[in-house]
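Contents: one structure, followed by commentary.
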2 protein chains.
Amino acid sequence: MDTIVKTIHVGFAKPFGCHSCRMNKLCIPLALGSDELDKLDQLNALVQRKNPLQPRDGVFFSGDPFTSIYAVRSGSIKSFCIDTDGREQVTGFYLPGEIFGWDGLANDHYQNTAIALETTSVCEIPYDQLDKLGSAIPSIKKYVMKLISHELNADQRLIALLAGKSAHQKLASLLLSISDRLVVQGLSPRRLWLPMSRGEISNYLGMTVETVSRALSHFQRNNYLHVNKKDIEILDKQALRSLLISSDDTE
Amino acid sequence: MDTIVKTIHVGFAKPFGCHSCRMNKLCIPLALGSDELDKLDQLNALVQRKNPLQPRDGVFFSGDPFTSIYAVRSGSIKSFCIDTDGREQVTGFYLPGEIFGWDGLANDHYQNTAIALETTSVCEIPYDQLDKLGSAIPSIKKYVMKLISHELNADQRLIALLAGKSAHQKLASLLLSISDRLVVQGLSPRRLWLPMSRGEISNYLGMTVETVSRALSHFQRNNYLHVNKKDIEILDKQALRSLLISSDDTE
DNA sequence: AAATCGACCTGATATAGGTCAACTCAGGGT
DNA sequence: ACCCTGAGTTGACCTATATCAGGTCGATTT
């Protein structure tokens, strides 16, 4: 079944390659320099577009052998690990154009599990092939390093958030981060749809669902946001930003 | 050995190269395979041993252009960043044999500042040279990727700690981590000297100095530890471990 | 040796956020 | 139409940890 899907994929022409991908300005091709088309073709050749995933479908699971990194084409992904006491810890949310799966590099097995939050399609990029391409094309190699390092920086931002910020600050920070990432996709920075549940948000931010819910209500009361379930409209971005720069959390 | 002759021949007087380094089983040379000596020589040629650092001396500062990664030879390093509201956030402690500085890769500038916690010596490994060596020797390249990815995993462990654990659990986890890392160095897992202050511990773990202090006292009262300032003796490692696996924090 | 200083510890009190419980609401299945 | 279930919200209460305010100790200066 799974194999059938695969063979169909390999056999088909690729009508929707990197050339036509909405996300190709965000994804790997950013590394391209002068001889763009040529490189894009090479990339295109190694990227495998996968069947759309349904909500809760997994891309890879903790313990699976590491083979590939993945790019979100549409939809969204959450990654999480199970820590020492069996608790699930969400380690990241990935939106279209973003790349995930690097954590498997350390010991050839994924540490995290990655699942779709909604109907999602991803591109698989086999790591050994990417690596080979990187050896041939320095700009690709450099870009790969930047992608990993970017992930490191994201983790460190999260660490600073978790270690030092109040519940309101954490939530504001997440909302602003998502908003910024929507802008990169060319979407509105004001209207956002949260693909994850309150529970997933609270887990990611190290707090409880109730606190997330109350913080959202609080922001709504203060006209920072309009909240309708997972639909958020940012009414006063400056107010949210100022929560982060001053440690003043009042009002 | 003849290697020393070789390095002298090249023009550098390196009487204490990677060959003789106590940490060479932990550091980059781990990547070495069959033709070890040859590779070690190449590594040795690019590693620059620096003058010993005094406490508080910086290795690199946030904003400096990224040039190199560093290995701790002796002593210890803390890295920290300044977040949006100007607060310092400790992002890592590095012990002998450990490698730091990867965070600069993302945008060619270090995000963190790295300073010595005590009298410390580090080796500088220029990244572009390491990269070249990686291109020539696949096992080196692979090992470099593993090192970065290891850093990613460490950050994710910290995220899980910060997001989900109590003060006692966080502190126990740090102590056990340091203990484990001492073992790797071939030192006793029971006696440990904390090179960082209570304030640095508390900042790293997202809590206050007072809570760190009380937690240490608590562990001492329960005979998990014997605490004498920065000198810690682990009396009941199993008790500390069990704090982490069950969410039961009582007693 | 008196004074100063910084790191650390401890006790009393305050509070942010956790816990528990009740409720609403939107699907989905029968 | 009905119940069920799970997600989200809200309120009342509680507790882990922050905050504030003294302390001790050891090193350094005078």
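Protein chains get the first letters and strands the later ones, always in sequence-line order, with residue 1 at the start of each. Excluded from the calculations below are hydrogen atoms, water molecules and symmetry mates; all remaining heavy atoms, backbone and side chain alike, are included.
Under the rule for a side-chain hydrogen bond (donor to acceptor under 3.5 Å, both in side chains), B/Tyr204 has no partner lying at least two apart in sequence or in another chain. Legend: residues meeting salt bridge (charged side-chain N to carboxylate O under 4.0 Å, His left out) with B/Glu88, ordered by chain and number and at least two apart, are B/Lys78. Residues passing the ring pair (Phe, Tyr, Trp, His ring centres under 6.0 Å) test with B/Tyr110, sequence neighbours excluded: B/Phe60, B/Phe66. Under the side-chain hydrogen bond (donor to acceptor under 3.5 Å, both in side chains) criterion, A/Ser62 pairs with no residue at all, not counting sequence neighbours. Remark: B/Glu210 engages no residue in a side-chain hydrogen bond (donor to acceptor under 3.5 Å, both in side chains) (not counting sequence neighbours). B/Arg56 meets the salt bridge (charged side-chain N to carboxylate O under 4.0 Å, His left out) test with B/Glu200; sequence neighbours excluded. For B/Arg87, the side chain to side chain contact (heavy atoms under 4.5 Å, CB included) test picks out B/Asp83, B/Asp85, B/Gln89, B/Asn203, with sequence neighbours left out.
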**OP:** Give the B/S/- string for nucleotides 5-15 of chain C, one per nucleotide from 5' to 3', where a protein heavy atom under 4.0 Å of the base yields B, of only the sugar-phosphate yields S, and otherwise -.
**Re:** ---SBBBB---
Can you give me every donor-acceptor pair (side chain of residues 152-162 of chain B, partner residue at least two apart or in another chain, under 3.5 Å) with its distance?
from: B/Gln156; atom 1: OE1; to: A/Asn112; atom 2: ND2; distance (Å): 2.7

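Axis orientation changes by 30° from one end of the helix from C/dA1-D/dT30 to C/dT30-D/dA1 to the other, with each end axis drawn from 5 pairs and the value rounded to 10°.
The interatomic distance linking A/Met207 (CE) with D/dT9 (C1') rounds to 14 Å, in whole Å. Distance CG (A/Asn203) to P (C/dG17): 17 Å, rounded to an integer number of Å. Note: CD1 (A/Ile201) to P (D/dA7) measures 13 Å, nearest angstrom.
Considering only heavy atoms from C-beta on, B/Glu118 comes within 4.5 Å of B/Ser76 through its side chain.
Listed by first then second residue, pairs satisfying salt bridge (charged side-chain N to carboxylate O under 4.0 Å, His left out) with a partner in residues 172-192 of chain A read A/Glu98-A/Arg181, A/Arg191-A/Asp231, A/Arg191-A/Glu233, not counting sequence neighbours.
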Close N/O contacts between protein and nucleotides 23-25 of chain D (under 3.5 Å):
none

